[in-house]
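One structure is given below, encoded as structure tokens.
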Amino acid sequence: MTGTDQQAQVKNTVSLLDVSGVKTGYDDLQILWDLSINVQRGERVIVLGANGAGKTTLLKTLVGLLPVWEGAIHLNGEPVQTLRIDKRISRGISYLSEVGVVAGLTIEENLRIGGYHLASGAARSQMAVMYDSFPDLKVRRRETASSLSGGQRKMLAVAKALMSRPRLVIMDEPSAGLSPLFVTEVISMVNRFHDDGISFLIAEQNVKFLEIADRVYVLDAGRMIFTGTVEELHRNDALERAYFGVYG
Amino acid sequence: MSTFLFAVVSGILFGVFFSLMAIGLNFAFGVMKIVNLAHGDFVMLGAFGAYYALSTFGINPFATMIMEIVVFLVVGVGLYYGIIPRLLRSDDPEMLSLILFFGISQVIEALATLAFGTNPVTLPTNALGQLSFQLFGQAFESSWVISFLVSVVAIGLLYVYLYKTKMGIATRAIMANRDEAAASGIDVNRISAIAFGIALVLAAIAGTLTPFMLGGIYPSVGVNLTITSFSIIVIGSLGNPIGTVVGGLVYGLSLLLMQTYLSSWANMVPYVLLILILLIKPSGLLGKGARNA
Ligand SMILES: Nc1ncnc2c1ncn2[C@@H]1O[C@H](COP(=O)(O)OP(=O)(O)OP(=O)(O)O)[C@@H](O)[C@H]1O
Ligand SMILES: [Mg+2]
């Protein structure tokens with residue numbers, strides 16, 4: 001086996017994102033307790049959790065907006081837990097926050113911010129890709145994001161998150177406040193870019209996202225209480241009742 | 001009538017110069033949500049720089065301006081990294097920043113007094129260059145016209161930076177929503193540091209023009225200039241740098257009209273305008289809608 005073969009081998013066995021034993025919180029208040037998750041290349045992983053379970057806290061920690069108290073975060077086998085968020089983004093993570101866009105900037109400016117670390121040529125061509133996928137945004141590119149409806153704003157947020165040419169997109173409740181129609185649209189966009197090889201880690205309360213989940217984690221009071229496939233989740237009576245009861 | 005027109009045109013010339021003087025204060029506030037109470041002292045230092053360069057070494061004010069741009073940019077970036085991240089991590093950054101920048105203001109004034117004394121110094125108004133400008137049959141001082149032109153260019157460049165460059169757009173993203181800007185991967189500290197540097201550069205440019213516009217320069221004038229700048233940005237609306245141009249024009253016109261018709265009351269203009277605007281439209285003339293744009 002040659003050296004490059006071995007490297008390729010290692011690359012294939014290393015998770016895209018590997019989080020182990022992470023503890024964190026705000027000031028002295030611990031929120032996440034010994035949390036471990038991973039995302040493999042090409043996976044769509046959903047983190048389910050009720051309000052206050054710690055989803056946002058987890059995602060902020062992954063992208064570098066909150067420091068890790070203990071534990072490790074590896075991206076492609078490299079430790080990133082001490083890197084600033086901008087460094088993590090240039091290594092292939094991107095983050096769609098609960099807000100998602102800068103309301104005071106125009107649509108085009110939001111996309112430029114999304115592709116902030118790209119060279120100008122790459123940013124331009126990526127913006128063209130986004131305008132192809134989101135033609136409505138192209139038409140309104142000079143308008144401020146605050147003029148968009150909630151659903152359109154979320155589509156802009158998705159486009160903005162994809163502007164950095166990420167390998168892994170981390171999304172914080174993309175369905176929050178959206179009508180079922182827009183939820184379907186967000187899901188189809190995730191699938192469309194998943195087909196291009198992008199992996200997704202999505203925190204959600206909306207079980208509709210389970211349709212596209214390759215794997216599911218359930219977060220409760222800062223601890224992972226379940227990990228497995230959607231079928232396995234359905235087989236777990238307590239969780240089945242907690243998350244599907246109201247719908248079933 | 002001609003007195004009135006003279007006052008109006010002069011008011012516009014001075015107004016745009018005052019906009020330049022205040023715009024750095026507003027820009028820094030927009031980015032950091034911190035009022036730099038030492039802003040006027042940086043203007044004063046810029047003015048003394050122009051004075052000493054010309055009177056001691058015969059250096060043209062424009063050459064001084066270019067040197068000051070470099071120096072103030074470096075000082076601003078250094079000052080930012082030295083104090084702001086620490087301030088923002090404290091429990092009450094607003095209050096602490098007021099105290100801190102008040103302290104910096106006092107220190108600058110004290111050091112300037114040691115260095116320059118308390119007597120006002122002046123420069124010949126023609127040192128900025130000769131340029132004849134006539135309007136409505138009236139001739140206007142060339143230093144006023146040149147200062148006006150320099151101010152227009154400097155404000156125009158700030159506009160180009162904020163609206164046409166990637167770093168400028170990132171700066172506006174920080175002004176609009178610091179958390180979302182950070183979540184987008186913008187290095188908030190680096191961009192803010194550069195913004196603070198630019199704010200001081202704008203103060204320095206206004207400073208080199210100040211001896212030609214406002215006459216005698218002395219260390220304690222810094223406080224007055226801070227108050228004037230603060231009134232202007234509140235009139236225009238806090239946090240919106242472009243609104244400062246409106247504030248500057250309102251201030252310049254009011255000042256020149258007062259000086260023409262009620263000269264003994266002219267010094268009260270900034271305070272009166274400040275109180276009026278706070279009573280009538282506290283969000284400033286350009287109100288909320290334009291605040292982050
Ligand atoms: N800035 C903060 N300071 C202190 N505690 C916080 C802060 N942000 C969140 N928390 C606490 O951390 C816990 C987890 O919050 P988090 O926002 O991560 O939950 P979530 O799962 O994202 O909820 P939601 O679905 O409502 O967005 C909550 O108990 C919350 O009160
Ligand atoms: Mg949340």
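Note on naming: letters A, B, ... go to the chains in the order of the sequence lines (proteins, then strands), and numbering restarts at 1 for each one. The figures that follow rest on heavy atoms only: side chains count, while hydrogens, waters and symmetry mates do not.
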Q: Locate the shortest heavy-atom distance separating Gly185(B) from Ile89(A); write the atom from each residue and the value.
A: CA-CD1, 3.3 Å
(Q) To check you understand the geometry: which heavy-atom pair defines the closest contact between Glu180(B) and Val101(A), and what is its length? (A) CG-O, 3.4 Å
Q.
Please identify, among Gly100(A), Ser90(A), Ala103(A), the residue contributing the most non-hydrogen atom pairs under 4.5 Å to chain B.
A. Gly100(A)
Q. Can you name the residues of residues 111-149 of chain A that have some heavy atom under 4.5 Å away from a heavy atom in chain B?
A. Arg112(A), Ile113(A), Tyr116(A), Leu118(A)
Q. Where is the tightest heavy-atom contact between Ile85(A) and Ala182(B), given as atom of each residue plus distance?
A. CD1-O, 3.3 Å
(Q) Does Lys55(A) have more than 12 heavy atoms from other residues, nucleotides or ligands lying within 6.0 Å of its NZ? (A) yes
Q | Distance (rounded to the nearest 0.5 Å) between Asp179(B) CG and Lys60(A) NZ | A | 6.5 Å
Q. If you count the non-hydrogen atoms of other residues, nucleotides and ligands that lie under 6.0 Å from CZ in Arg86(B), is the total more than 12?
A. no
Q) Between Ile186(B), Val188(B), Asn177(B), which has the largest tally of heavy atom pairs under 4.5 Å with chain A? A) Ile186(B)
Q: Tell me, out of Ser164(A), Ser97(A), Ala161(A), Ser94(A), who's got the most heavy-atom pairs with chain B below 4.5 Å.
A: Ser97(A)
Q.
Counting neighbours of CZ on Phe102(B) that are heavy atoms of other residues, nucleotides or ligands and sit closer than 6.0 Å, is the number greater than 12?
A. no
